Asks: 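The structure follows.
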There are 2 protein chains.
Amino acid sequence: MQKDGRMQQQYHNTFSIDNVILGFDSGELKVLLIERAEETFIGQMALPGNLVREDENLDSGAARILFELTGLEESHLEQLYTFGDVNRHPLGRVITVAYYSLIRIQDFNLIPRSSFARKASWVKVSEIPSLAFDHNLIVNKALKRIRGKLRYKPIGFDLLPEKFTLRQLQELYESILQIPIDTRNFRKKIITYDFLVACGEKQQQVSHRAAKLYHFDKKRYQELEQQGFNFDL
Amino acid sequence: MQKDGRMQQQYHNTFSIDNVILGFDSGELKVLLIERAEETFIGQMALPGNLVREDENLDSGAARILFELTGLEESHLEQLYTFGDVNRHPLGRVITVAYYSLIRIQDFNLIPRSSFARKASWVKVSEIPSLAFDHNLIVNKALKRIRGKLRYKPIGFDLLPEKFTLRQLQELYESILQIPIDTRNFRKKIITYDFLVACGEKQQQVSHRAAKLYHFDKKRYQELEQQGFNFDL
DNA sequence: GCAAAAGTGTTAACTTTACACCCATGT
DNA sequence: ACATGGGTGTAAAGTTAACACTTTTGC
């Protein structure tokens with residue numbers, strides 16, 4: 001590793017935050033990637049990320065990155081893991097705290113709010129190219145995490161529209177976990193859990209029988225959880 | 001927050017590692033704490049920790065802290081969470097990457113290998129005092145993590161001696177999870193899992209019928225896991 | 001021989017799995 | 001009227017939970 005004075009000063013003991021922003025669309029999980037405009041790995045795809053500002057908490061930094069790209073606030077955002085191998089950044093020691101966000105991909109249009117937003121795009125997780133730095137590692141860690149968590153926490157709802165059909169929900173599980181699920185058993189189970197409420201509305205503009213729309217009653221879920229209930233798909 | 005030039009230089013963009021070292025002894029989970037000899041929070045109990053060296057990976061740093069206190073290498077060591085609130089350190093911005101270690105408390109004597117080791121002591125997790133910095137937060141996060149993980153990964157074995165009785169194992173689960181477990185059902189389940197092997201030895205020096213000793217066959221477990229087996233207590 | 005913990009089986013309750021047809025709607 | 005996905009029940013298999021007595025050993 002080559003370190004001249006400038007780099008030393010610029011990069012020594014530096015922290016960044018990278019955010020694995022995930023959405024579910026057309027039956028597939030997708031990750032929001034940018035094309036790097038800066039010098040290292042220029043032109044290559046990478047996770048959206050930034051240095052941490054001196055006056056901002058880690059969570060706020062991750063939320064800021066999400067907001068600058070998508071305009072979304074108050075999304076599901078969690079710390080994932082911290083990557084700090086000595087050689088992970090070619091210009092010096094940069095430790096990065098990785099986060100992941102689960103967002104409703106339908107709820108917004110990608111509107112540029114920062115210089116890098118022009119080059120952002122959704123990439124199917126099954127088709128992720130070679131990324132800058134150790135970002136493939138980070139994405140893989142995020143996928144492993146959410147695949148595990150999907151089974152015992154109701155995080156799938158953060159990826160669906162507020163109102164969704166039971167089939168959409170089932171397809172989300174089948175697609176992310178890569179398993180087939182029996183429709184009748186799935187419906188019975190999820191309905192008896194008692195945290196889905198029918199909106200009283202139906203799908204529009206489908207060329208077949210319209211499905212009921214449901215939404216996830218988060219308050220109800222939290223009540224149940226406090227009473228010792230464990231979500232388990 | 002007061003920052004003179006020296007502090008600025010010393011603490012700006014600084015990262016540290018703290019290690020929640022856990023052991024199981026006399027039927028209780030314990031955490032290894034030190035008494036601070038340095039200026040902030042002097043005399044108060046804290047987690048063992050250190051600044052990260054420029055040439056060491058995060059994992060190695062955590063392993064080093066463990067080694068300096070206990071002489072142990074190759075223990076169960078995992079990254080826990082990164083704490084970086086702007087005000088968590090009174091002298092400036094210090095982001096800390098927290099790890100936890102699970103060790104066999106019987107396997108060693110606390111031998112001082114570093115300046116802070118003289119003051120290290122095991123504290124029952126039910127009796128943790130007010131700690132320096134945000135270290136209570138960190139310990140609580142570690143406890144929550146291992147209580148969750150204990151149910152679906154075989155991490156309990158890392159806290160027991162290599163050879164243990166089924167009752168010791170049961171008591172570990174009962175104590176850490178704070179639940180009663182039916183002895184017969186527990187034994188049936190864990191034996192059918194087929195990764196415990198009887199050593200052919202028995203307890204020594206007990207004033208009652210001696211129990212068989214078992215050990216955890218890690219290779220066998222990993223085989224089973226690859227075949228799709230899920231540990232679940 | 002008695003105190004103390006080790007070790008062991010059966011049944012009922014519950015949960016999970018497998019499986020196929022009629023229904024509503026748009027074209 | 002037909003194509004498309006929506007919606008529903010039952011029985012068998014498997015899993016979990018509840019429960020009490022005999023065995024071994026040291027003192």
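Just so you know, these numbers come straight off a predicted model, no measurement behind them. When reading the values below, keep in mind they use all heavy atoms of this one structure, side chains included, and skip hydrogens, waters and symmetry mates.
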Asks: Over how many whole Å does the gap from A/Y214 atom OH to D/dG6 atom P extend?
Replies: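 Checked: the OH to P distance equals 12 Å.
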Asks: Rounded to the Å, how far apart are B/E171 CD and C/dA4 C1'?
Replies: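 These atoms are roughly 13 Å apart.
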Asks: Over how many whole Å does the gap from B/D232 atom CG to D/dT16 atom C1' extend?
Replies: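 That distance rounds to 11 Å.
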Asks: Could you give the CD1-to-C1' distance, from B/I179 to D/dT16, as a whole number of Å?
Replies: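 So the two atoms are 14 Å apart, to the nearest Å.
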Asks: Does B/K202 get its side chain close enough to the base of D/dT25, under 3.5 Å, for a donor-acceptor pair?
Replies: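 Side chain to base: no pair present.
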Asks: Counting only distance, no hydrogens or angles, is the base of C/dT15 paired donor-acceptor with the side chain of A/K189 under 3.5 Å?
Replies: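 No.
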Asks: Side-chain N or O of B/R184 less than 4.0 angstrom from OP1 or OP2 on D/dA18?
Replies: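 No, no such contact exists.
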Asks: Kindly say whether, by distance alone, the side chain of B/R209 makes a donor-acceptor pair under 3.5 Å with the base of D/dT23?
Replies: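 Flag set: donor-acceptor pair detected.
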Asks: For the pair made of CD1 in A/I191 and P in D/dG9, what is the distance, rounded to whole Å?
Replies: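 These atoms are roughly 13 Å apart.
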Asks: Tell me: CD1 of B/I190 to P of C/dT8, nearest whole Å?
Replies: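 Interatomic distance, CD1 of B/I190 to P of C/dT8: 15 Å.
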Asks: For A/V206 and for A/N185, locate the closest nucleotide of DNA chain C by heavy-atom distance; then report the residue assigned to the nucleotide nearer the 5' terminus.
Replies: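 Here A/N185 is the residue nearer the 5' end.
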Asks: Using a strict cut-off of less than 4.0 Å between a Lys/Arg side-chain nitrogen and an Asp/Glu carboxylate oxygen, indicate whether B/E78 and B/K149 qualify as a salt bridge.
Replies: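 Yes, this pair counts.
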Asks: Base, sugar-phosphate alone, or nothing: which one does B/R187 contact when heavy atoms must sit under 4.0 Å apart?
Replies: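 Since a base atom lies under 4.0 Å of B/R187, the category is base.
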Asks: Looking at every strand, decide which applies to A/K188 at a 4.0 Å heavy-atom threshold: base, sugar-phosphate, or nothing.
Replies: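 The residue A/K188 makes base contact.
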Asks: What residue among B/E162, B/K163, B/K202 forms side-chain contact (heavy atoms from CB on, under 4.5 Å) with B/L213?
Replies: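 The single option meeting the side-chain contact (heavy atoms from CB on, under 4.5 Å) with B/L213 is B/K163.
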Asks: If you assign each of A/H208 and A/L166 to its closest nucleotide in DNA chain D, which residue comes earlier from the 5' end?
Replies: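 Of the two residues, A/H208 wins.
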Asks: May I ask you to check whether B/S101 and B/S75 show a side-chain donor-acceptor distance below 3.5 Å?
Replies: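 No, no side-chain donor-acceptor pair sits under 3.5 Å.
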Asks: On a heavy-atom basis, which atom in B/N50 and which in B/R64 lie closest, and how many Å separate them?
Replies: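 Residues B/N50 and B/R64, closest heavy atoms: OD1-NH1, 2.9 Å.
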